Amino acid sequence: MDTTQARPMSARQRYRLADRFKPDELAALVARYKAGESSLQLAKEQGIAKSTFLRLLADHNVEPRKYGLTPAKEGTAEGLIDTLPVRI
């Protein structure tokens, strides 16, 4: 019996990222992240954990964004603060 042949993979078997995504798919995901899409949303869309997606970014020398408000969200927050009643 030849034991060097690849065994069939079960549906539940985990895949390496390199096996799961083609290079052009990885490049598209990295580009979408760089364009501002959420790492959590992209990870969910691909059926992987956010930590796995962040590792994928690190493997492609992409610095993850820092936590905090984006400039657009800062403007919204400032607008909301202006509507709060003032207490003295």
Side-chain angles (χ1 to χ4, degrees):
M1 182 175 171
D2 185 9
T3 58
T4 59
Q5 289 181 337
R7 294 181 6 201
M9 291 188 218
S10 71
R12 296 180 54 94
Q13 186 171 357
R14 294 179 184 232
Y15 300 97
R16 294 182 319 158
L17 286 177
D19 295 339
R20 184 170 180 156
F21 300 107
K22 296 176 184 172
D24 58 329
E25 293 172 328
L26 289 173
L29 287 171
V30 169
R32 288 175 60 190
Y33 177 78
K34 286 182 175 181
E37 288 192 53
S38 159
S39 57
L40 181 59
Q41 183 61 38
L42 289 169
K44 282 183 180 181
E45 179 184 299
Q46 298 303 316
I48 58 177
K50 180 180 176 183
S51 60
T52 303
F53 185 77
L54 293 175
R55 186 167 33 97
L56 181 148
L57 292 176
D59 290 348
H60 286 81
N61 300 317
V62 177
E63 190 74 28
R65 289 190 290 270
K66 304 294 181 206
Y67 289 100
L69 296 176
T70 63
K73 289 181 181 177
E74 283 179 4
T76 302
E78 289 172 358
L80 291 172
I81 289 172
D82 292 339
T83 64
L84 294 175
V86 178
R87 294 181 187 234
I88 300 179

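Computed from a predicted model, the values in this text were never measured in an experiment.
For the atom pair Leu57 CG and Leu26 CG, the distance stands at 10.0 Å (nearest 0.5 Å).
Counting heavy-atom neighbours within 6.0 Å of Lys44 NZ, excluding the residue itself, gives a total of 12 or less.
Sorted by first and then second residue, the salt bridge (Lys or Arg N to Asp or Glu O under 4.0 Å) pairs with a member in residues 23-40 read Arg32-Glu37, Arg32-Glu45; sequence neighbours excluded.
Remark: of the listed residues Leu56, Asp59, Asn61, Leu56 is the sole one forming a side-chain contact (heavy atoms from CB on, under 4.5 Å) with Val30.
A donor-acceptor pair under 3.5 Å links the side-chain atoms of Tyr33 to the main chain of Arg65, judged by distance alone.
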Could you walk me through whether Arg20 and Ile48 satisfy the side-chain contact (heavy atoms from CB on, under 4.5 Å) test, starting with their C-alpha distance in whole Å, then the side-chain angles of each, then the deciding distance to 0.1 Å, before giving a yes or no? CA-CA 10 Å; Arg20 184 170 180 156; Ile48 58 177; 3.6 Å; yes

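Qualifying side-chain contact (heavy atoms from CB on, under 4.5 Å) partners for Gln41, counting only residues two or more places apart in sequence or in other chains: Ser38. For the side-chain contact (heavy atoms from CB on, under 4.5 Å) test, no residue two or more places apart in sequence or in another chain qualifies with Ala58.
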